[in-house]
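As the structure lists them, so they are numbered: ligands from 1, and atoms in each ligand from 1.
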Amino acid sequence: MDTAGLLEPFKDNNKRITVLTGAGISAESGIPTFRGPEGYWTVGSREYRPEQMATHSMFTQNPWEVWAWYLYRHTVCKNAEPNSGHHAIVRMEELFQDRFCLVTQNVDGLHLRAGNSPERTYQIHGNLNYMRCSGECTPKLFDFPKGIPDKQKDQPVTEEEKELLTCSRCGSLTRPHVLWFDECYNETWYKAESAMAWATSTDLLLVVGTAGATNLPMQIGTMVARNPEAVIVDINPSDNPFRQFAARHDRGIVLDGPGGQFLPELLSLWET
Ligand code: APR
């Protein structure tokens with residue numbers, strides 16, 4: 001069955017839709033991916049191996065090196081704008097309402113900035129627009145401090161900025177609200193169980209711009225691929241495990257190209 005034949009029925013078949021996104025959807029907004037040629041894990045920082053920066057153990061040893069790196073990444077995300085792919089996903093939520101859920105690995109906050117609702121958006125790796133107490137004195141998320149200016153790569157954190165990156169409740173250091181490589185998914189910070197519960201009972205899994213290198217998204221893909229009735233769509237200009245899920249699935253669709261092009265096209269199937 002062709003793409004339209006598989007997808008049009010979702011217009012009004014009362015079935016569940018999950019959109020799962022990775023860094024690729026923000027590439028067209030100018031935010032580097034992680035594992036692409038200019039990716040954060042490919043380029044990394046001057047002193048350290050890339051992934052090292054995104055670990056709790058590194059934060060414990062060199063908190064200001066890690067903060068300097070995240071302040072730079074926050075600057076990149078803050079100065080980026082949602083693209084046509086993000087806007088198409090907002091429109092999908094408007095169309096499908098409670099049948100819709102967005103699971104994103106992105107910490108750039110562009111989905112919420114584009115207009116997706118916090119209630120139906122699971123940010124399973126956190127969001128750089130928030131920080132939290134590294135001593136975990138409270139489960140509360142703090143807004144990113146307004147007093148911190150845009151930062152260049154490898155630009156050190158000033159004493160004034162260090163003041164702003166201190167927990168207002170207990171005086172401990174704060175940390176970026178992101179999931180690090182040596183940490184586990186959980187429900188409190190990352191809504192991991194909620195995302196898993198919804199996504200594994202989905203009828204349509206629409207995957208955009210991920211290389212499938214992280215655990216929870218791959219578990220979701222594996223579970224949905226076991227359901228012969230489910231439809232799996234992968235949008236990505238490169239091969240990746242989700243493309244393989246879709247290619248091997250009877251009700252699978254592989255769209256070999258950018259999210260900014262294919263997402264509006266899919267949306268048009270449901271808007272007519
Ligand atoms: N449209 C769709 N996909 C794209 C586009 C685009 N315009 N540009 C690149 N891609 C694809 C790439 O081909 C690649 O498969 O996006 C994917 C990006 O992969 P990664 O850089 O590995 O990013 P992601 O899969 O989101 O990484 C997952 O790993 O490093 C951790 O926490 C980090 O959230 C991140 C997670």
Residue selection (non-hydrogen contact nearest atom 5 (C) of ligand 1) among G24, G85, G212: G24

N129 side chain to D143 side chain, donor-acceptor N/O pair below 3.5 angstrom: no

Residue H125 vicinity, atoms of ligand 1 by number, heavy atom under 4.0 Å: 32 (O), 34 (O), 35 (C), 36 (C)

Contact (N/O only, under 3.5 Å) between I25 and ligand 1: no

Heteroatom proximity flag, P237 to ligand 1, N/O under 3.5 Å: no

Contact atoms of ligand 1, heavy-atom distance to G209 under 4.0 Å: 2 (C), 3 (N), 16 (O), 17 (C), 18 (C)

D234-Q244 side chain donor-acceptor pair, cut-off 3.5 Å: no

N116 versus T121, side-chain donor and acceptor atoms under 3.5 Å: no

Check ion pair K162-E159 (N to O, under 4.0 angstrom): yes

E183/R175 salt bridge by N-O under 4.0 Å criterion: yes

Geometric N/O contact A27 with ligand 1, under 3.5 angstrom: no

Side-chain donor-acceptor contact under 3.5 Å, N236 with D256: no

N236, any N or O under 3.5 Å of ligand 1 N or O: yes

G22 neighbourhood, listing ligand 1 atoms whose heavy-atom distance to it stays under 4.0 Å: 26 (O)

Which of the ligand 1 atoms, numbered from 1, are nearer than 4.0 Å to a heavy atom of Q105: 28 (C), 34 (O), 36 (C)

Short N or O distance, T214 and ligand 1, threshold 3.5 Å exclusive: no

A23: numbered ligand 1 atoms lying under 4.0 Å from its heavy atoms: 23 (O), 24 (P), 26 (O)

Within-cut-off N or O pair, V208 and ligand 1, under 3.5 Å: no

Note: R113-E81 ion pair, threshold 4.0 Å (strictly below): yes

Check: F144 ring centre within less than 6.0 Å of H74 ring centre: yes

Test item: side-chain donor near acceptor, T104 and T21, under 3.5 Å: yes

Close-contact set for ligand 1 against P258 heavy atoms, below 4.0 Å: 1 (N), 6 (C), 7 (N)

Test item, N240 contacting ligand 1 (heavy atom, 4.0 angstrom): no

Any N/O pair E28/ligand 1 closer than 3.5 Å: yes

D98 and R120: CA distance, side-chain angles, deciding distance, salt bridge (charged side-chain N to carboxylate O under 4.0 Å, His left out) verdict: CA-CA 8 Å; D98 287 343; R120 298 195 192 100; 2.7 Å; yes

